[in-house]
Amino acid sequence: MAKRITNRADDYSQWYLDIVKEAKLADHSPVRGCMVIRPNGFAIWENMKSALDNMFKETGHENAYFPLFIPKSFLSKEAQHVEGFAKECAVVTHSRLKSVDGGVEVDPESRLDEELIVRPTSETIIWDAYRNWIQSYRDLPILINQWANVVRWEMRTRLFLRTMEFLWQEGHTAHASEEEAVAETLQMLEVYRTFAEEFMAMPVVTGVKTPSERFAGAVDTYCIESLMQDGKALQAGTSHFLGQNFAKAFDVKFQDADGEHKYVWASSWGVSTRLIGGLIMTHSDDHGLVLPPKLAPTQVVVVPIYRSDEERADVKLYIAPLIAELKKKNVSVKLDDRDNFKPGWKFAEHEAQGVPIRLAVGPRDVENGNLELARRDTLEKNIIPMEGAASHIEELLITIQDDLFAAAKDRRDKQTKQADSYDEFKKIIEDGGFIYAHWDGTAETEAKIKEETKATIRCIPLEGDKTPGKCMVSGNKSAQRVLFARSY
RNA sequence: CGGGACGUGGCUCAGUCCGGUAGAGCACUCGGCUGGGGGUCGAGGGGUCGCAGGUUCAAAUCCUGUCGUCCCGACCA
């Protein structure tokens with residue numbers, strides 16, 4: 001068998017790229033740092049999207065759409081926000097091309113009066129709209145989400161993990177009180193945790209970012225942090241409590257029940273196509289992609305095995321009722337009856353693409369009333385009776401989902417350590433993984449650690465050990481252990 | 001944006017040092033044998049060598065520029 005996927009142990013980055021290529025998830029585009037998301041990759045995103053969208057709707061949110069272009073002046077209204085994004089904005093300066101001997105060039109006469117920014121995120125244009133929508137406390141809360149693309153001019157890109165253009169959702173909410181806005185921020189953080197753990201089967205740590213890692217313009221940034229197989233952390237989602245920063249910048253006030261005019265409180269939260277990168281690096285192996293059943297575009301693939309046309313017809317007749325029954329149970333099942341590929345080829349291909357369950361059915365099975373079932377996650381193969389197969393498969397999909405989470409959590413926990421001295425920390429960090437250690441809460445210490453070890457504080461965890469101690473670097477007092485890692 | 005490596009049929013690469021008629025494997029098309037883990041035999045199709053200049057009788061090969069990819073840094077979802 002030709003080895004098309006680099007082993008993780010040999011070259012993790014190359015392995016990741018090989019998976020993306022072999023599973024046909026995405027291609028590099030002609031434009032640096034952008035990607036073409038292929039049907040296999042997009043189908044995963046669609047499944048993520050639909051699960052998240054349901055969760056947003058269940059928590060009272062509505063979808064809307066705001067423009068791609070933002071007037072340049074809007075970006076400068078919130079000082080912190082500008083500072084955070086100014087370095088990575090695509091700017092539209094002209095509106096026309098003109099032909100010049102066989103090619104085209106920008107028509108200098110079409111220069112725009114006010115240049116437009118391609119949104120790196122939509123706080124500004126949304127808060128400009130909210131000003132017009134909000135007068136009274138009766139107009140609040142506003143709970144809006146949008147599914148969109150955004151552009152951030154990145155220096156170094158990697159498919160899904162960091163691209164110049166990416167797809168995401170961004171929720172933007174407006175509230176009458178601080179408590180309510182904070183509650184919303186934390187509620188959405190929980191939505192993300194639930195999604196990551198229950199759908200992606202990816203265990204996460206929830207926490208607060210330190211000021212240096214905080215979203216530009218936020219009062220507090222909360223996040224879900226996950227740990228990839230190579231021991232590097234991935235920020236998988238963020239939820240921001242924006243305080244009144246944007247309300248003040250865009251002058252959004254409401255008249256409260258007490259007659260007073262007050263600034264609105266805000267939150268924003270988002271997850272992106274980066275999650276697909278996280279999904280890949282959480283579960284996949286040296287044979288290819290491994291997908292949790294809840295997000296797999298195809299949950300079960302059936303490979304018929306036959307020699308003659310007659311056998312082929314027999315096999316198809318034999319499996320038709322099972323396929324129909326699985327469909328009735330809402331299992332996404334695909335019959336791979338392509339005649340131009342050999343069974344062995346198909347096995348390898350579906351394995352590379354991460355289909356959770358593969359059924360192989362040949363004349364022998366027809367005769368014995370069996371079928372062969374292979375699990376993608378464990379690579380186990382078993383002969384099972386056709387009788388009751390549909391229910392067995394339905395249950396097995398749930399088992400696989402649970403097992404993937406358990407395996408990922410077990411791996412994550414094994415890669416999670418504690419360090420009680422800086423020397424110990426420096427030693428452990430070389431192996432990667434999460435490290436819980438005491439920190440004095442200062443930006444100086446944080447910067448020193450980053451400078452010397454390349455590790456950053458991923459978050460100050462919301463749960464777990466809250467015992468105070470002494471900073472491993474300065475020896476000053478520390479309120480609790482914080483989570484360190486090298487990250488993507 | 002700095003350092004390094006690399007761009008040659010769809011893919012992986014040889015050829016570049018030392019200029020002289022573009023090659024291999026895989027993939028693709030047609031046909032045969034096949035079919036329970038990337039099978040096999042035969043016959044075909046496909047590349048102005050990333051792009052733009054320059055040197056030369058002659059450039060994949062030498063020179064300059066440019067675009068892109070990968071790895072390592074600085075920056076970030």
Side-chain angles (χ1 to χ4, degrees), chain A residues 1-6 11-14 16-18 21-22 27-35 83-89 103 120-121 149-170 192 209 212-216 221 223-226 233-240 268-278 287-288 303-309 311-312 315 338-352 358-368 370-374 379 381 383 450-451 454 456 458 487-488:
Chain A
M1 179 171 120
K3 188 70 190 163
R4 302 185 183 190
I5 297 172
T6 307
D11 184 345
Y12 194 82
S13 297
Q14 191 57 47
Y16 177 81
L17 290 164
D18 289 346
K21 188 173 68 178
E22 285 302 315
D27 288 342
H28 286 284
S29 84
V31 180
R32 181 182 74 84
C34 294
M35 62 178 167
E83 216 172 290
F85 286 104
K87 289 164 293 185
E88 47 185 36
C89 286
T121 177
N149 58 337
V150 286
V151 169
R152 295 180 189 175
W153 212 264
E154 296 291 347
M155 290 307 169
R156 200 171 153 190
T157 59
R158 298 187 79 190
L159 291 172
F160 292 114
L161 293 174
R162 176 166 298 107
T163 47
M164 295 219 305
E165 180 193 12
F166 56 91
L167 305 183
W168 77 345
Q169 59 66 217
E170 46 180 327
Y192 288 155
K209 287 290 187 188
S212 69
E213 299 276 333
R214 190 186 283 157
F215 172 74
T221 288
C223 61
I224 52 172
E225 291 285 328
S226 54
L234 185 77
Q235 178 175 309
T238 49
S239 184
H240 314 289
S268 73
W269 27 274
V271 295
S272 72
T273 35
R274 166 180 261 197
L275 288 178
I276 296 174
H287 300 271
V303 178
I305 290 154
Y306 49 85
R307 292 162 209 269
S308 60
D309 284 349
E311 281 184 352
R312 182 183 183 182
V315 167
R338 292 173 297 175
D339 196 34
N340 51 338
F341 291 102
K342 299 288 143 61
W345 171 275
K346 294 177 183 177
F347 293 175
E349 186 180 56
H350 294 122
E351 215 159 80
R358 182 190 70 232
L359 303 175
V361 188
R364 220 151 59 206
D365 303 301
V366 175
E367 196 177 318
N368 302 328
N370 291 332
L371 41 88
E372 183 193 86
L373 184 153
L379 300 168
K381 281 199 292 199
I383 304 293
K450 184 177 179 182
E451 171 73 27
K454 312 255 189 293
T456 50
R458 302 318 303 155
S487 74
Y488 276 97

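If you're wondering where the values come from, they're calculated on a predicted model, not measured in any experiment. Letters A, B, ... mirror the listed sequences (proteins, then strands); counts begin at 1.
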Inset, instruction - Classify the nucleic acid contact of A/S272 as base, sugar-phosphate or nothing, counting any heavy atom under 4.0 Å across all strands shown. - result: base

Legend entry - Residue met sooner reading RNA chain B from 5', once A/K454 and A/D365 are mapped to nucleotides: A/D365

Inset, instruction - Identify whether the distance between the nearest side-chain nitrogen and carboxylate oxygen of A/E311 and A/R364 falls below 4.0 Å. - result: no

Inset, instruction - Examine the base of B/rG35 for any acceptor or donor lying under 3.5 Å from a partner atom in the side chain of A/R312, and report the outcome as yes or no. - result: no

Inset, instruction - Scan A/T273 against the nucleic acid and name what it touches under 4.0 Å (heavy atoms): base, sugar-phosphate only, or nothing. - result: nothing

Legend entry - Atom-pair distance (CE on A/M164; C1' on B/rA77), nearest Å: 15 Å

Inset, instruction - For B/rU12 versus B/rG7, give the span between their P atoms, rounded off to a whole number of Å. - result: 11 Å

Legend entry - Span that lies between the C1' atom of B/rC51 and that of B/rG42, in whole angstrom: 40 Å

Legend entry - Atom C1', compared across B/rG50 and B/rG36: separation rounded to whole Å: 45 Å

Inset, instruction - Could you tell me the separation between the CG atom of A/L161 and the C1' atom of B/rC71, rounded to a whole number of Å? - result: 16 Å

Inset, instruction - Please state how far atom CD in A/E83 lies from atom P in B/rC75, giving the value in whole angstrom units. - result: 14 Å

Legend entry - Pairwise P distance, B/rG9 and B/rA24 [rounded to whole Å]: 14 Å

Inset, instruction - Classify the nucleic acid contact of A/Q14 as base, sugar-phosphate or nothing, counting any heavy atom under 4.0 Å across all strands shown. - result: nothing

Inset, instruction - Once you apply the 3.5 Å cut-off to both distances, tell me the Watson-Crick or G-U wobble partner of B/rA22, or none. - result: none

Legend entry - Side-chain (A/K209) to main-chain (A/R458) donor-acceptor, under 3.5 angstrom: yes

Inset, instruction - Go through the N and O atoms of the side chain of A/K342 and the base of B/rG39, and report whether any donor-acceptor pair is under 3.5 Å. - result: yes

Legend entry - Interatomic distance, A/K21 NZ vs B/rC70 C1' [rounded to whole Å]: 12 Å

Legend entry - Whole-Å gap separating P (B/rG68) and CZ (A/R158): 19 Å

Inset, instruction - Assign A/E154 to base, sugar-phosphate, or nothing according to its heavy-atom contacts below 4.0 angstrom with the strands shown. - result: base

Inset, instruction - Sticking with atom P, work out how far B/rG44 lies from B/rG25, rounded to a whole angstrom. - result: 14 Å

Inset, instruction - Write down the partner of B/rG2 under the Watson-Crick or G-U wobble criteria, each distance required to be under 3.5 Å. - result: B/rC72

Inset, instruction - Can you tell me, in whole Å, how much space there is between the C1' of B/rA58 and that of B/rC18? - result: 16 Å

Inset, instruction - Check whether the side chain of A/E311 and the base of B/rG35 form a donor-acceptor pair under 3.5 Å. - result: no

Inset, instruction - Find the partner of B/rG42: check Watson-Crick (N1-N3 plus N6-O4 or O6-N4) and G-U wobble (N1-O2, O6-N3) distances, both under 3.5 Å, and reply none if neither fits. - result: B/rC30

Inset, instruction - Without swapping roles, check the side chain of A/Y192 against the backbone of A/G270 for a donor-acceptor pair under 3.5 Å. - result: yes

Inset, instruction - Figure out the CD/C1' separation between A/E349 and B/rG38, and round it to whole Å. - result: 10 Å

Inset, instruction - Between B/rG15 and B/rC28, how far apart are the C1' atoms? Round to whole Å, please. - result: 24 Å

Legend entry - Value in whole Å for how far the C1' atom of B/rG68 lies from CZ of A/R156: 16 Å

Legend entry - Identified pairing partner of B/rA14, criterion: Watson-Crick or G-U wobble below 3.5 Å: none

Legend entry - Test item: A/S239 side-chain N/O and A/W269 main-chain N/O as donor-acceptor pair under 3.5 Å: no

Inset, instruction - Under a 3.5 Å limit for both distances, which nucleotide forms a Watson-Crick or G-U wobble pair with B/rG65, could you say? - result: B/rC51

Inset, instruction - Assign A/K209 to base, sugar-phosphate, or nothing according to its heavy-atom contacts below 4.0 angstrom with the strands shown. - result: nothing

Inset, instruction - Would you kindly give the CD-to-C1' distance between A/E22 and B/rG10, to the nearest whole Å? - result: 13 Å

Inset, instruction - With C1' as the reference atom in both, quote the distance from B/rG46 to B/rC57 in angstrom, rounded to an integer. - result: 31 Å

Inset, instruction - Please find out if less than 6.0 Å separates the ring center of A/F215 from that of A/F85. - result: yes

